[in-house]
Number of protein chains: 2
Amino acid sequence: MKLDDTDREILRMLQADARTPFSEIARRIDMSSATVHDRVGRMEEAGVIEGYHATVDPKAVGYGVRALVGLRVEQGREEDALGRLREIEGVRAIHLTTGEWDVILRVVAEDTDSLRELMFEGIADMDGFSRSQTMIVLGTDYEADGPPI
Amino acid sequence: MKLDDTDREILRMLQADARTPFSEIARRIDMSSATVHDRVGRMEEAGVIEGYHATVDPKAVGYGVRALVGLRVEQGREEDALGRLREIEGVRAIHLTTGEWDVILRVVAEDTDSLRELMFEGIADMDGFSRSQTMIVLGTDYEADGPPI
DNA sequence: GTTGAAAAAATATTGAG
DNA sequence: CTCAATATTTTTTCAAC
């Protein structure tokens with residue numbers, strides 16, 4: 001789908017705040033809210049807008065620790081290994097990467113104890129991985145909600 | 001703020017779809033929508049709900065490449081170095097971590113050429129960093145929208 | 001594609017238990 | 001904290017340009 005500048009402006013506003021009323025968006029881009037409605041619908045349809053999500057503070061729901069976990073996967077075990085990772089609740093993202101690691105996970109855990117459990121009873125111990133490294137996130141200096149628009 | 005199971009259910013629904021009508025949430029948890037409204041308001045107030053965001057497909061807005069970038073920061077240059085990273089549009093997250101790297105960035109770029117530019121004219125070349133490694137994301141096998149609730 | 005206006009639906013507010 | 005009822009606002013639809 002081809003996006004024009006108006007579409008991008010709408011995306012930018014909805015990315016910043018998914019609850020911005022169409023009427024407010026319409027006012028800012030000087031068009032009718034029916035047009036905004038129409039464009040948003042088409043962008044949803046086309047998959048440009050993948051969804052709308054509330055951002056929840058992980059600490060508030062009991063997850064105090066974030067980490068990135070680098071993994072080396074043994075040859076030929078990829079599918080099986082990834083499938084099992086996906087079943088683990090604390091595993092929030094599974095990226096296949098170039099460089100030092102085959103896979104990098106983004107994980108959350110309640111505390112360092114439960115992270116240790118996740119790693120040493122959950123992941124590092126799994127068949128199919130030959131090496132792992134846990135990089136605990138001490139803090140996040142900056143985090144944007146999506147791509148620049 | 002202390003959350004009960006009802007709050008968590010509401011959070012789960014809004015995390016999955018921020019546009020779920022309060023009336024629909026109310027129906028599912030068997031309460032009035034005024035109650036849902038009230039609880040959501042309090043969770044927003046308390047910062048449990050940090051915001052509502054449309055998830056935009058990066059490819060659709062021209063960002064075909066994602067990468068994780070590990071950086072080593074020279075002693076005493078932390079603040080300055082991080083400040084400059086924050087100014088770079090393609091840098092979407094800046095995590096301070098334990099382990100092999102002091103900082104891990106999540107970056108997006110239009111293509112591999114522009115990623116190279118970002119790295120070799122933007123970041124690797126910056127004062128304050130002694131070492132870097134770029135891990136290009138070949139694919140994302142799984143990605144959740146927030147913490148498990 | 002866009003519009004204004006009407007209809008439908010949702011959210012915000014109020015007052016009381 | 002929860003509710004029902006009401007007021008307000010937003011979303012959605014649609015005939016027309």
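So that the names make sense, note that chain A is the first sequence line, chain B the second, and so on, each numbered from 1.
Comparing atom distances between the B:Asp38 side chain and each of D:dC1, C:dT11, D:dC3 picks out D:dC1 as nearest. The side chain of A:Ala34 approaches C:dG4 more closely than any other nucleotide in the set C:dG4, C:dT11, D:dT10. The listed nucleotides are C:dT11, D:dT13, D:dC3; the one nearest the side chain of B:Thr35 is D:dC3. The side chain of A:Met31 has C:dT3 as its nearest neighbour among C:dT11, C:dT3, D:dC1.
Legend: residues meeting side chain to side chain donor-acceptor pair (under 3.5 Å) with B:Arg8, ordered by chain and number and at least two apart, are absent. Every residue two or more places apart in sequence or in another chain that forms a side chain to side chain donor-acceptor pair (under 3.5 Å) with B:Asp141 is listed here: A:Arg86.
The CZ atom of B:Phe22 sits 11 Å away from the P atom of C:dT13 (whole-angstrom rounding). In this structure, B:Tyr52 places its OH atom 11 Å from P of C:dT11, rounding to the nearest Å. Remark: C1' of D:dC1 and CD1 of B:Ile10 are 12 Å apart, rounded to the nearest angstrom. Between the CG atom of A:Asp30 and the C1' atom of C:dT2 there is a distance of 13 Å, rounded to whole Å. Atoms CD (B:Glu24) and P (C:dA8) sit 21 Å apart, rounded to a whole Å. Rounded to an integer number of Å, the gap from B:Arg42 CZ to C:dA12 C1' is 16 Å. With rounding to whole Å, A:Arg39 atom CZ is found 18 Å from D:dT12 atom C1'. D:dC3 atom P lies 15 Å from atom CZ of B:Arg27, rounded to whole Å.
The shortest side-chain heavy-atom distance between A:Leu85 and A:Leu71 falls under the 4.5 Å cut-off.
Atom CZ of B:Arg106 sits about 6.0 Å away from atom NE2 of B:His95, to the nearest 0.5 Å.
Between the B:Ser114 side chain and the B:Glu110 main chain, a donor and an acceptor come within less than 3.5 Å of each other.
The environment of CG in A:Asp30 is sparse: at most 12 heavy-atom neighbours from other residues, nucleotides or ligands sit within 6.0 Å.
Nearest-nucleotide positions on DNA chain D place B:Thr6 closer to the 5' end than the other of A:Ser33 and B:Thr6.
Listed pair B:His37 / C:dA12 meets the phosphate criterion, a side-chain N or O lying under 4.0 Å from OP1 or OP2.
In this structure, B:Arg19 reaches neither bases nor backbone, as no heavy-atom distance under 4.0 Å exists between it and the strands shown. B:Ser32 comes within contact range of at least one nucleobase, with a heavy-atom separation under 4.0 Å.
Two end axes, each from the C1' atoms of five base pairs, can be drawn for the helix from C:dG1-D:dC17 to C:dG17-D:dC1; they diverge by 30°, to 10 degrees.
Ion pairing of A:Glu24 with A:Arg27 is present here, as a side-chain N (NZ or NE/NH1/NH2) and a carboxylate O approach within less than 4.0 Å.
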